[in-house]
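Down below is the structure, laid out as structure tokens.
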Amino acid sequence: MKRSVAIDGPSGAGKSTLARSVSKKFGFIYVDTGAIYRAVGLYVRQKGVAPKDAPAVERLLPDIRIDIEYDDDGVQHIILNGGDVSDKIREPEISIYASDVSAMPAVRAFLLDMQRNLAGRYDVVMDGRDIGTVVLPNATVKIFLTASAEARAERRHKELKEKGIECSYDEVLRDMEYRDKNDSSRAIAPLRPAEDSVLVDTTELTLEESAEKIAEIISERIGL
Ligand code: DC
């Protein structure tokens, strides 16, 4: 039986950095499910389809093939129809596309098996919005990460700047608020903590403190 750690929460709460760090510590595979939604968003944009046009997006799904590969450092690469799109999917415009397409039931169904298959094959730390509630309801450990919108926007802005992506703090905050609303209010698999998840608020915590706290929670439950 494989073990799984589900880490959910809004964008910018530190999910990916923290999930990556604890996956290394426990020797689990890290699966960034947001990247998979972003790959769908990127394809939709490449095809010139409006991200809210559900019938048109659905028609594109059979043409989308997404593979996840890991390099020697355990870094996840997203391969869209044979091409590595790991950098392209991080552009701010793609965040909005990903958020919009992720509200469509057909898109979620399309990606569900892929995520469950990964958790069936490996011990995983999987981060996203609905991992503890929908994708892996029997996850060994469920963590829900939060932080204030301002703290999250500040972190995301810094991260984008470090990657050389130009944008203002206000723009990032606006995107964040748009996505919070979109992701929490959608009818299907909305962002909400699973009943049996442990809530961790990182507003006042450094990355190291957050990582320590999460590692403790995981250790306790997994017995490692
Ligand atoms: O985590 P992220 O910012 O890379 O995610 C991009 C978008 O994908 C986000 O706005 C919501 C959606 N998403 C989702 O609906 N379910 C997931 N498990 C992961 C991401």
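All ligand and atom numbering here is 1-based and tracks the order in the structure.
Protein heavy atom at the shortest distance from atom 19 (C) of ligand 1 is T33 OG1, 3.4 Å. The protein non-hydrogen atom at the shortest distance from atom 4 (O) of ligand 1 is R38 NE, 2.6 Å. Closest to atom 16 (N) of ligand 1, if we only count protein heavy atoms, is R108 NH2, 3.0 Å.
The contact set between ligand 1 and A98, taken as ligand atoms under 4.0 Å from a residue heavy atom, comprises 6 (C), 7 (C).
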**OP:** Please report the C-alpha distance between S168 and D170 in whole Å, then the side-chain angles of each, then the deciding distance to 0.1 Å, and finally whether the side chain to side chain donor-acceptor pair (under 3.5 Å) criterion is met.
**Re:** CA-CA 5 Å; S168 72; D170 286 344; 5.4 Å; no
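L145 and Y37 sit in two unconnected hydrophobic clusters of ILVMFWY residues. Membership requires side-chain heavy atoms under 4.5 Å apart, directly or through other members. There is a path of hydrophobic side-chain contacts, each under 4.5 Å, that joins L111 to Y122.
A donor and an acceptor atom, one from each side chain of N182 and S99, are located under 3.5 Å apart. D201 and T203 share a side-chain donor-acceptor pair at under 3.5 Å. Side-chain contact check for R156 and S95: no donor-acceptor pair (N or O, by modelled atom type) lies under 3.5 Å. No side-chain N or O of R38 forms a donor-acceptor pair with one of Y97 less than 3.5 Å apart.
Between R179 and ligand 1, an N or O atom pair is found at a separation short of 3.5 Å. The N/O atoms of S11, backbone and side chain alike, include none that comes under 3.5 Å of an N/O atom in ligand 1. In terms of polar-atom proximity, defined here as any N/O pair under 3.5 Å, D130 does make such a contact with ligand 1. The N/O atoms of Y37, backbone and side chain alike, include none that comes under 3.5 Å of an N/O atom in ligand 1. Ligand 1 has no N or O atom lying under 3.5 Å from any N or O atom of Q115, backbone or side chain.
Here M104 has no heavy atoms under 4.0 Å from ligand 1, in either its backbone or its side chain.
Minimum heavy-atom separation, H77 to S86: CA-OG, 3.3 Å. Heavy-atom minimum distance, A6 versus I131: CB-CG2, 3.5 Å.
Considering each of R129, M126, K15, the one bringing a non-hydrogen atom nearest atom 2 (P) of ligand 1 is R129. Considering each of D8, D183, D100, the one bringing a non-hydrogen atom nearest atom 11 (C) of ligand 1 is D183. Comparing P190, S102, A35 against atom 12 (C) of ligand 1, the shortest heavy-atom distance belongs to S102.
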